[in-house]
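Keep in mind the model is a prediction, meaning the values are calculated, not measured. Atoms considered below: every heavy atom in the structure, side chains included; atoms not considered: hydrogens, waters and symmetry mates. Numbers here simply count residues along the sequence, with the first being 1.
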Amino acid sequence: MNSPNQPLPTFDEVLLCTPQTTAEQVGLFLRRCLIPCSRGEKIYTMLYADELSYDVSCRAEELFRHLQRYNSIYRLIILCNCEREHSYIPSVFSQYKVHMIPQRPLAEIQQYLQDHYRVVQPSSSAASVFKDNMCVGIVSSKRAGVGK
C-alpha cells in the first residue's frame with residue numbers, strides 16, 4: 001500500500017487457513033512462495049496460520065525447511081491471532097515474530113480499499129447492493145441467524 005496504484009494481492013499470493021486446510025493446500029502455497037522462478041516480486045501471506053491442525057502444521061514446517069534451502073530470497077508473511085501464539089506455527093516461527101501496527105491512518109487504508117474494490121461501470125450486478133458500488137461488503141449482526 002505504498003502507492004495508491006499498487007494492486008491488491010492476487011489469489012495465488014494469499015492462503016486463508018482454517019482447521020480444514022489440508023497439507024496439500026499449504027504445500028502448494030509454500031511451493032509458489034519458495035521455489036525460485038520469474039514471477040516477479042510477489043508477497044505471499046498465510047492468514048490465521050495458527051488455525052492449522054497440528055499434523056498440517058508439522059508437515060508445513062518440514063516442507064518449509066526443505067524448500068528454504070533452494071531459495072533464500074522470498075517474501076512470506078504469516079499472520080496469526082495473538083491470543084493463539086502458543087499454537088504450532090507461531091511457536092516454530094517465533095524467532096521471526098514482529099508485532100505489527102498499521103503505519104497508515106485508518107482513513108487512508110479505507111480509501112485505498114475503496115479505490116480497488118469499486119465497480120467502475122455499475123450495471124445490474126451484485127455490486128449495486130453494497131454502498132458506493134463496492135464489489136465487496138461486510139454484513140454483520142449482533143444476533144445470530146437473522147438472515148445474513
Should Leu76 and Leu16 be counted in the same cluster of Ile, Leu, Val, Met, Phe, Trp and Tyr side chains packed under 4.5 Å apart? no
Answer yes or no: are there more than 12 heavy-atom neighbours, outside Glu62 itself, under 6.0 Å from its atom CD? no
Does Ile43 belong to the same Ile/Leu/Val/Met/Phe/Trp/Tyr cluster as Leu47, with side-chain heavy atoms less than 4.5 Å apart forming each link? yes
Under a 4.5 Å cut-off applied to non-hydrogen side-chain atoms, are Cys80 and Tyr48 in contact? no
Side-chain heavy atoms of Asp50 within contact of His86, under 4.5 Å: no
To the closest 0.5 Å, what do you measure between OH (Tyr96) and CD1 (Ile77)? 15.0 Å
Single-linkage hydrophobic cluster, 4.5 Å side-chain cutoff, Leu63 and Ile73 together: no
Is Ile89 close to Ile78 at the side-chain level, that is, under 4.5 Å between some pair of heavy atoms? yes
Residues Ala60 and Val26: closest non-hydrogen pair is CB-CG1, 3.5 Å
Atom of Gln20, atom of Gln25 and distance for their closest heavy-atom approach: O-OE1, 4.2 Å
Arg104 vs Tyr112 side-chain heavy atoms within contact, under 4.5 Å: no
Would you check if the distance from the ring center of Tyr44 to the ring center of Tyr74 is below 6.0 Å? no
Between Phe64, Phe29, Tyr70, which is the residue that forms a side-chain contact (heavy atoms from CB on, under 4.5 Å) with Leu34? Phe64
Report yes if the side chains of Leu79 and Thr45 come closer than 4.5 Å at any heavy-atom pair, otherwise no. yes
Hey, does Met46 have a side-chain heavy atom less than 4.5 Å from the side chain of Val14? no
Shortest non-hydrogen contact between Asn71 and Ile35, atoms and distance: ND2-C, 4.4 Å
For Cys17 against Glu51, the heavy-atom pair lying closest together: O-CB, 4.0 Å
Could you tell me the separation between the NZ atom of Lys42 and the SG atom of Cys33, rounded to the nearest 0.5 Å? 11.0 Å
Within a strict 4.5 Å, meaning less than it, do heavy atoms of the Cys82 and Glu85 side chains meet? no
Residue Phe93 excluded, over 12 heavy atoms near CZ under 6.0 Å: yes
Would you call Arg32 and Glu13 a salt bridge, using N to O less than 4.0 angstrom? no
Side-chain heavy atoms of Arg65 within contact of Val92, under 4.5 Å: yes
Any luck finding a side-chain donor-acceptor pair between Thr10 and Asp12 under 3.5 Å? yes
Applying side-chain contact (heavy atoms from CB on, under 4.5 Å) to Gln111 and His116, what does each step give before you reach the verdict? CA-CA 9 Å; Gln111 185 61 51; His116 283 80; over 6 Å; no
From Gln68 CD over to Glu61 CD, what is the distance, rounded to the nearest 0.5 angstrom? 10.5 Å
One should read off an interatomic distance between Leu113 CG and Leu8 CG, to the nearest 0.5 angstrom, of 6.5 Å
